[in-house]
Number of protein chains: 2
Amino acid sequence: MTSENPAPNRRRSPIEPVSIERHHCTPAEQVRILAATPFFRTVSPDHMLRLASTFRQADYFAGASIQRSGEPAARLSIVAAGMVKLVRHTASGQDVLLDIIGSGDFFGSLADLGDLTYQEDATAHTDCCILYTTAEEFRQVLRTYPEVTIATLDLVAARLRTAQQVIEHISAHPVDQRVAATLLHFARRIGRNVDETILIDMPLSRQDLADMTGAQVETVSRVMSEFRRAGIIESGRRWTAIRDVKALENIAGHLPLTTRAVT
Amino acid sequence: MTSENPAPNRRRSPIEPVSIERHHCTPAEQVRILAATPFFRTVSPDHMLRLASTFRQADYFAGASIQRSGEPAARLSIVAAGMVKLVRHTASGQDVLLDIIGSGDFFGSLADLGDLTYQEDATAHTDCCILYTTAEEFRQVLRTYPEVTIATLDLVAARLRTAQQVIEHISAHPVDQRVAATLLHFARRIGRNVDETILIDMPLSRQDLADMTGAQVETVSRVMSEFRRAGIIESGRRWTAIRDVKALENIAGHLPLTTRAVT
DNA sequence: CGTCCAATTGACTGCGTTCAAGAGCCGTGG
DNA sequence: CCACGGCTCTTGAACGCAGTCAATTGGACG
């Protein structure tokens with residue numbers, strides 16, 4: 001049987017042509033993307049033009065390194081397209097995956113004086129397009145546009161709250177609950193309703209889930225198999241689908257890792 | 001034997017008269033304390049006077065509840081004197097202690113729109129004095145004084161970095177390393193050099209350490225006994241002393257939980 | 001068709017939790 | 001001043017969740 005003729009019991013991958021990520025943005029697109037970002041929603045279009053000119057662009061193929069921990073924290077980066085992994089490598093060799101972020105999200109330095117070096121690696125999780133400015137230039141933007149500073153504060157505060165939620169989960173909940181919460185986290189951010197299920201259309205390996213939940217690959221695999229056997233989820237190479245959100249929420253303890261539904 | 005005549009083998013508690021925390025601040029002290037806070041360092045004295053008038057004061061005895069998670073996030077609070085515990089109670093009954101903060105630190109709501117209810121309990125860890133303003137008033141302050149917004153952003157960004165460090169530790173390091181890192185965390189914040197040791201002059205129960213490291217009381221007790229037997233630490237009812245910082249740093253993996261030396 | 005890597009599953013180990021009992025320390029009240 | 005009660009802390013012993021090691025499967029791609 002070919003891929004045109006799916007197996008009877010298992011529906012075929014719901015992401016049709018493996019949508020190719022945009023790999024480069026025109027200047028007009030840059031402005032549009034930046035303006036839509038939580039940072040700059042309040043900025044008027046003409047100011048936005050000048051402001052966007054302080055940003056440069058860089059494209060990366062999946063797997064490429066964007067920034068490395070320990071390097072001087074020189075840039076503030078915003079994801080224009082694609083997804084970026086934020087990873088801390090520990091001395092013991094275990095990786096800690098802080099988050100996988102998408103279009104409109106930021107990473108890098110906010111130019112806090114104490115923030116002299118990057119604390120984590122940023123890697124292109126898919127092919128992606130990054131808009132970046134220097135820490136100093138962004139600092140200048142903050143001084144010029146106070147409403148941007150407030151927006152930035154809200155973004156960082158939201159991320160702090162998420163981080164504290166993660167601390168709670170890793171401190172006090174068993175692995176299956178943490179995996180469930182992580183799946184709901186992505187469902188809320190990028191989930192789309194498809195065929196009575198919530199489709200998470202992104203690569204999310206067992207290793208990724210393990211690094212996000214502070215667990216081992218094998219453990220996550222067992223948990224995911226359990227979920228699959230219970231009819232709660234379904235997953236393929238580049239996607240995961242939640243068939244029974246209620247069940248997942250029950251397992252996660254009614255406490256999803258992120259509240260915001262939109263990015 | 002009286003407390004004037006210490007036991008031969010064990011030096012007596014190094015905190016002399018169990019210093020009584022100030023329990024109420026005069027208006028002048030309020031202004032001085034607020035002005036010394038990272039929020040308002042850049043504000044000129046005359047502006048500071050007006051600004052301080054938006055704050056009210058409340059005093060709490062040790063153990064008293066200051067805010068409860070789930071309540072509407074109406075206040076931004078700053079610790080004027082004493083120490084405050086920030087705790088999340090989990091459904092399973094286990095507590096997660098996010099931090100114990102002191103003079104100049106803040107907690108509560110930054111008036112982020114999404115931050116509608118408190119995410120954690122705040123409890124008076126010692127007798128303490130809290131200066132608070134409403135979330136709305138503080139929002140107005142941010143709009144009026146952009147440099148305060150930038151300072152706030154830096155504070156929240158620093159706290160985010162600390163939280164991510166905690167995530168790394170709890171995800172990837174065994175309990176003894178986490179306890180060591182937590183002791184160093186407090187040593188850097190409030191440690192004083194006394195008799196070749198670093199004295200952490202605050203109540204810090206095994207339960208507190210357990211809740212901060214995501215471990216159980218018994219496990220922390222074993223680890224601390226191990227440290228004591230190795231001559232690394234010494235501890236009493238209201239204090240902990242580090243005799244061998246290098247050893248602790250080695251155990252923690254040269255990665256203390258906080259970098260800043262001053263509050 | 002063969003190679004490579006992710007995922008799965010099983011068996012065993014061990015760190016940390018859980019359960020339980022005892023020791024130390026302190027405030028209180030007789 | 002000492003005895004009592006309640007608390008935290010400590011230590012021991014057994015259990016269990018998750019980690020580790022190892023072998024196999026399965027899917028993607030050249």
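Order of the sequence lines sets the chain letters (A, B, ...), proteins ahead of strands, with each chain counted from 1.
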Handout entry: Rounded distance (Å) that lies between atom C1' of C/dG16 and atom CG of B/Asp211
Key = 16 Å
Practice task
Return the value, rounded to whole Å, for the distance between atom CD of B/Glu226 and atom P of C/dC15.
Solution key: 13 Å
Practice task
May I have the distance from A/Met224 (atom CE) to C/dT8 (atom P), rounded to whole angstrom?
Solution key: 8 Å
Problem - Contact interval (first through last nucleotide) of DNA chain D with protein chain B, 4.0 Å heavy-atom - result: D/dC9 to D/dA13
Practice task
Could you check whether A/Ser221 gets within reach of a base, just the sugar-phosphate, or nothing at all, counting any heavy atom under 4.0 Å?
Solution key: base
Handout entry: Sidechain N-carboxylate O distance under 4.0 Å for A/Arg188, A/Glu249
Key = yes
Problem - Minimum-distance nucleotide to B/Glu218 side chain [options: C/dT18, C/dG16, C/dA7] - result: C/dT18
Exercise for the section: Tell me yes or no: between the side chains of B/Arg206 and B/Ser235, is some donor less than 3.5 Å from an acceptor? Expected result: yes
Practice task
May I ask you to verify if any side-chain N or O of A/Ser225 is less than 4.0 angstrom from the OP1 or OP2 atom of C/dT9?
Solution key: yes
Practice task
Check the distance between C/dC5's C1' and A/Asp208's CG and give it to me in whole angstrom.
Solution key: 14 Å
Practice task
Give the rounded distance in Å between these two atoms: CZ of B/Arg222 and P of C/dA21.
Solution key: 15 Å
Handout entry: Rounded distance in Å - CZ (B/Arg238) to C1' (C/dC26)
Key = 14 Å
Practice task
For the pair B/Ser69 (side chain) and B/Tyr118 (backbone), establish whether a donor and an acceptor sit closer than 3.5 Å, ignoring hydrogens and angles.
Solution key: no
Practice task
Determine yes or no for a side-chain-to-main-chain donor-acceptor pair under 3.5 angstrom, with B/Asp127 supplying the side chain and B/Ala62 the backbone.
Solution key: yes
Fill in the blank from the handout: Taken to the nearest whole Å, CD/B/Gln216 to C1'/C/dC19 is 12 Å
Practice task
Rounded to the nearest 0.5 Å, what's the gap from CD1 on B/Ile198 to CD1 on B/Ile200? Could you check?
Solution key: 7.5 Å
Exercise for the section: Could you check whether B/Gly214 gets within reach of a base, just the sugar-phosphate, or nothing at all, counting any heavy atom under 4.0 Å? Expected result: sugar-phosphate
Exercise for the section: Under 4.0 Å between any heavy atoms, over every strand shown, what does A/Ser205 touch: base, sugar-phosphate, or nothing? Just pick one. Expected result: sugar-phosphate
Handout entry: Presence of donor-acceptor pair under 3.5 Å, side chain of A/Arg228 and base of C/dT9
Key = no
Fill in the blank from the handout: For B/Asp208, the salt bridge (charged side-chain N to carboxylate O under 4.0 Å, His left out) test, sequence neighbours excluded, returns B/Lys85
Handout entry: A/Gln207 vs C/dA6: side-chain N/O to OP1/OP2 distance below 4.0 Å
Key = no
Exercise for the section: Have a look at B/Arg237 and say if it touches a base, only the backbone sugar-phosphate, or nothing, with a 4.0 Å heavy-atom cut-off. Expected result: sugar-phosphate
Practice task
Without swapping roles, check the side chain of B/Asp211 against the backbone of B/Val96 for a donor-acceptor pair under 3.5 Å.
Solution key: no
